[in-house]
Colleague: 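Got a structure for you, written out below as structure tokens; questions coming shortly.
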Amino acid sequence: SFLKKYNNIYISEEQKNTWTTILGEVSKIGMVIYDKSAQQLNEIKAKVRQERLINPDGKLLVMIDYLTLVEYSDSKYFNEVQKIGKIAEGLKAIAKEFNCVMVILSQLSRKCEDRDNKRPQSSDIRESGAVEQMADLIICLYREDYYKPMEDPRDANSMELIVTKNREGAVGTVYISYNKMTGVMKDYPDDTPPYAKKNDRN
């Protein structure tokens with residue numbers, strides 16, 4: 001079967017032997033997933049409040065996948081830009097009220113595809129104005145291999161985390177190793193992938 005072939009190619013014997021142990025460790029994290037579609041701000045707030053009551057002194061991380069799928073109750077009174085602004089403002093308020101870290105994924109517009117340098121910018125975020133204003137940190141993801149296949153496997157497995165806004169620190173690019181088959185991200189073994197060093201020299 002496809003699954004058996006996939007496992008034989010991409011999952012090592014060592015990983016298979018530790019699978020049960022890893023699942024046990026993951027279960028201790030306390031991850032809660034709400035997968036209802038088109039959730040509204042008040043629903044998200046109620047769920048965050050519930051988790052904060054369960055863990056009043058714990059560290060709380062909330063991840064929204066993704067911003068434009070969140071509904072706003074009075075959206076009929078606003079255009080799309082205003083609606084996204086209200087949602088971004090509401091999520092920021094939830095993060096402050098319940099002292100939690102809020103990570104929000106967002107789609108990009110097609111603008112970056114029209115540039116020679118296709119690395120995304122903050123302005124490429126859909127309905128970006130309010131998002132740029134509310135966010136404390138904006139990180140854009142970019143893979144060179146997506147646009148032109150790399151011969152060096154170190155390049156093919158690299159990803160750029162482009163920090164375009166950071167209220168508390170510096171901006172710039174960080175390189176990480178990215179497994180396209182599993183989605184696992186790790187520290188890059190070197191400071192810079194070969195393709196990036198070559199671009200710097202040019």
Side-chain angles (χ1 to χ4, degrees), residues 2 6 9-10 33 35 37-39 61-72 75 78-92 95 101-202:
F2 171 80
Y6 179 91
I9 295 175
Y10 299 109
I33 299 176
D35 60 354
S37 61
Q39 296 188 54
L61 169 65
V62 179
M63 303 190 73
I64 307 293
D65 184 17
Y66 50 89
L67 178 61
T68 51
L69 290 182
V70 178
E71 291 292 333
Y72 190 71
S75 59
F78 302 101
N79 60 36
E80 190 66 18
V81 174
Q82 293 171 324
K83 186 184 84 168
I84 295 300
K86 291 290 185 180
I87 292 170
E89 184 179 353
L91 292 173
K92 183 72 175 282
V101 176
M102 186 81 70
V103 177
I104 304 168
L105 305 186
S106 178
Q107 285 184 313
L108 298 178
S109 68
R110 298 285 184 180
K111 290 185 291 185
C112 58
E113 299 291 337
D114 298 331
R115 297 192 298 264
D116 291 336
N117 182 354
K118 301 187 184 303
R119 287 172 175 80
Q121 305 168 2
S122 296
S123 57
D124 293 325
I125 299 173
R126 290 186 62 179
E127 321 300 349
S128 62
V131 178
E132 286 187 81
Q133 180 181 352
M134 292 296 170
D136 294 323
L137 180 69
I138 297 178
I139 302 176
C140 300
L141 308 184
Y142 173 81
R143 286 197 302 111
E144 184 87 351
D145 183 61
Y146 180 83
Y147 294 100
K148 45 185 177 183
M150 304 281 101
E151 296 181 1
D152 192 318
R154 294 173 296 172
D155 288 335
N157 294 327
S158 66
M159 176 185 284
E160 297 180 22
L161 304 184
I162 307 170
V163 182
T164 59
K165 179 182 179 180
N166 186 359
R167 291 191 196 274
E168 304 296 332
V171 297
T173 299
V174 176
Y175 298 95
I176 63 171
S177 291
Y178 173 69
N179 188 317
K180 290 182 285 187
M181 303 308 302
T182 64
V184 173
M185 300 179 183
K186 296 182 179 179
D187 291 338
Y188 194 77
D190 195 359
D191 290 336
T192 311
Y195 79 86
K197 290 180 180 179
K198 181 179 179 181
N199 291 343
D200 288 342
R201 288 196 296 270
N202 294 338

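Worth knowing before you read on, the calculation uses all heavy atoms, side chains too, and leaves out hydrogens, waters and symmetry mates. Because the structure is predicted, anything quoted here is derived from the model rather than measured.
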Colleague: Output all residues satisfying side-chain contact (heavy atoms from CB on, under 4.5 Å) with Gln39, sequence neighbours left out; order by chain, then residue number.
Modeller: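 For Gln39, the residues satisfying side-chain contact (heavy atoms from CB on, under 4.5 Å) (neighbours in sequence not counted) are Tyr34, Lys36, Glu43, Ile44, Lys47.
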Colleague: Using side-chain contact (heavy atoms from CB on, under 4.5 Å) as the criterion, list what pairs up with Asn166, not counting sequence neighbours.
Modeller: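 So Asn166 forms a side-chain contact (heavy atoms from CB on, under 4.5 Å) with Leu137, Val163, Glu168, Val171.
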Colleague: Which residue is it: Pro194, Pro193, Ser177? I am looking for the one with a side chain to side chain contact (heavy atoms under 4.5 Å, CB included) to Arg154.
Modeller: Pro194
Colleague: Measuring from Leu67:CG to Ile87:CD1, what's the distance to the nearest 0.5 Å?
Modeller: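 CD1 of Ile87 is found 6.0 Å from CG of Leu67.
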Colleague: Does Asp124 offer a backbone N or O that forms a donor-acceptor pair with the side chain of Ser109 under 3.5 Å?
Modeller: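 The answer is yes, because a donor-acceptor pair under 3.5 Å joins these two groups.
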Colleague: Can you sort out the partners of Arg110 under side chain to side chain donor-acceptor pair (under 3.5 Å), two or more places apart, ordered by chain and number?
Modeller: none
Colleague: Going by the angle between their ring planes, with limits at 30° and 60°, are Tyr147 and Tyr142 parallel, tilted or perpendicular?
Modeller: parallel
Colleague: Just to verify, what does Asp145 make a side chain to side chain donor-acceptor pair (under 3.5 Å) with, not counting sequence neighbours?
Modeller: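 For Asp145 the side chain to side chain donor-acceptor pair (under 3.5 Å) partners, ignoring immediate neighbours, are Lys180.
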Colleague: State the CD-OG distance between Glu132 and Ser122, to the nearest 0.5 angstrom.
Modeller: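 Between atom CD of Glu132 and atom OG of Ser122 there are 5.0 Å.
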Colleague: So does Arg119 pair up with Glu144, basic N to acidic O under 4.0 Å?
Modeller: yes
Colleague: So, does Lys86 use its side chain to make a donor-acceptor pair with the main chain of Tyr72 at under 3.5 Å?
Modeller: no
Colleague: With Glu89, which residues qualify under side chain to side chain donor-acceptor pair (under 3.5 Å), at least two apart?
Modeller: none
Colleague: In this structure, which one of Tyr175, Tyr188, Tyr178 forms a side chain to side chain contact (heavy atoms under 4.5 Å, CB included) with Ser158?
Modeller: Tyr188
Colleague: Taking side-chain contact (heavy atoms from CB on, under 4.5 Å) as the definition, give me every residue that meets it alongside Ala88, ordered by chain and number, with sequence neighbours left out.
Modeller: Met134
